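If you're wondering where the values come from, they're calculated on a predicted model, not measured in any experiment.
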Amino acid sequence: MKKIDEKYFLYPEGKKEQEEQGIHVTLEPGESILWKGKPNKKCFIWSAFLRLLPFALLWLLFDGFALGMIFGFMQGIPWFVYFIFVIFFLFHLIPVWAWIASIFSAKKRQEIEEYAFTETRIFIRKGFIGSSTVSVPYVSLTSLNLRIGLLEKIFHVGDIYIVAGKEKYVLEDLEHPEFLFSRLQEISHQVKTDILYPNAYRPKENPGYHVTLMDNSKESSGSESSSCNKEE
């Protein structure tokens, strides 16, 4: 495995060193943080706004229409019946309140959410009031995928989807997503190779790397002709 230093995740176009972030992790001896980052703030908030917007609007229009019909055609009913309907629809609009809450909490969640890469693993911190940090070893990664949607294109960011066994994680709204994605793929491959094939057990030459596929039809025809000749 080639040497990996603090510049491994440093974007090549003269990008300044990453500023110290608030993520707190316990590192193993000899382990160091190579990169720290957070979701792009503008894209993160806009994503929270647009994520459930169509569903929330349809829900709100439906409930508003229902309330209008009830109050418009049910004249002369006791006041407490109106009160019951209002309470019912306040609870029925919970998906709309959840959408509004996700928008107002997006800023706080973006401030807490943070990612860090070391030589051996990925740290992911998420939360709102409190926070939790998970550690994902590179050797446990079974899938890495990059997604850049329309909104991400506008803000020049992307999402990296990580699958580690049965667990799934998303690194949201990262700047230079293609660069980070390629680096994660490379380091994951190197770590797995180092564990499965340590340097001491790697042969200097591996004939399996330069195999030329043969045409089986020619080979079989050749063998048949030779056998025929022998019989003759």
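For the atom pair CG (L144) and CD (E186), the distance works out to 12.5 Å, reported to the nearest 0.5 Å. In this structure, CG on D173 lies 9.0 Å from CD on Q110, to the nearest 0.5 angstrom. The CD atom of E152 sits 5.0 Å away from atom CG of D159, with the distance rounded to the nearest 0.5 Å. Going from atom CD of E119 over to atom OH of Y138 covers 8.0 Å, rounded to the nearest 0.5 Å. Atom CH2 of W99 sits about 12.0 Å away from atom CG of L93, to the nearest 0.5 Å. The CG atom of L171 sits 7.0 Å away from the CG atom of L184 when rounded to the nearest 0.5 Å.
F44 places none of its side-chain heavy atoms less than 4.5 Å from the side chain of F155. W97 is listed as a side-chain neighbour of L90, based on a closest heavy-atom distance under 4.5 Å. Looking only at side-chain heavy atoms (C-beta outward), Q185 and H189 stay at 4.5 Å or farther from each other. Between F123 and T118, some side-chain heavy-atom pair lies under the 4.5 Å cut-off. A 4.5 Å side-chain heavy-atom check between C43 and L151 finds at least one atom pair inside the cut-off. Between I122 and I162, some side-chain heavy-atom pair lies under the 4.5 Å cut-off. Side-chain contact between R109 and S102: present, with at least one pair of heavy atoms (C-beta onward) separated by less than 4.5 Å. For the pair E175 and H156, the minimum side-chain heavy-atom distance is 4.5 Å or more.
Here the closest heavy-atom approach between residue V136 and residue A164 is recorded as CG1-CB, 3.8 Å. Of all heavy-atom pairs spanning W35 and G37, the tightest one is CH2-CA, 3.4 Å. Of all the heavy atoms in S135 and P137, the pair that sits closest is O-CD, 3.6 Å. Summarising the geometry of L141 relative to S188, their closest heavy-atom pair is CD1-OG, 3.9 Å, with the distance given to 0.1 Å.
For the 3.5 Å distance criterion, the side chains of E28 and T120 fail to qualify, holding no donor opposite an acceptor. In the model, S47 has no side-chain atom that pairs as donor or acceptor with a side-chain atom of E172 under 3.5 Å.
Residues I33 and I112 do not share a hydrophobic cluster, defined by chaining ILVMFWY side chains whose heavy atoms lie under 4.5 Å apart. If you chain together hydrophobic residues whose side chains sit under 4.5 Å apart, F104 and F128 never meet in one group. Under the 4.5 Å side-chain heavy-atom criterion for Ile, Leu, Val, Met, Phe, Trp and Tyr, L52 and L61 are members of distinct hydrophobic clusters. Note on L60: it does not cluster hydrophobically with F62, by side-chain heavy-atom contacts below 4.5 Å among ILVMFWY residues. Transitive grouping of hydrophobic side chains (ILVMFWY, heavy atoms separated by less than 4.5 Å) keeps I45 and I100 in distinct clusters.
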Task: Test log, rule side-chain contact (heavy atoms from CB on, under 4.5 Å), inputs I160 and L180 - done: CA-CA 9 Å; I160 296 178; L180 291 176; 4.2 Å; yes
- [ ] For E178 and I148, run side-chain contact (heavy atoms from CB on, under 4.5 Å): C-alpha distance rounded to whole Å, both residues' side-chain angles, the deciding distance at 0.1 Å, then the answer.
- [x] CA-CA 9 Å; E178 294 92 348; I148 302 177; 3.3 Å; yes
- [ ] Tell me, with the steps shown, if K126 and Y169 meet side-chain contact (heavy atoms from CB on, under 4.5 Å).
- [x] CA-CA 11 Å; K126 293 178 180 283; Y169 309 94; over 6 Å; no
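Listed by chain and number, the residues in a ring-ring contact (aromatic ring centres under 6.0 Å, His included) with F88 are H92 (sequence neighbours excluded).
Taking 4.0 Å as the cut-off between side-chain N and carboxylate O, R121 and E31 count as a salt-bridged pair. Electrostatic pairing of K41 and E113 does not count as a salt bridge here, judged by no charged N lying under 4.0 Å from a carboxylate O.
Side-chain heavy-atom separations under 4.5 angstrom define the hydrophobic clusters, and the remaining members of the one that includes Y161 are V170.
Atom CD1 of I129 is surrounded by 12 or fewer heavy atoms from other residues, nucleotides or ligands within 6.0 Å.
In this structure, W46 has its ring center under 6.0 Å from that of F49.
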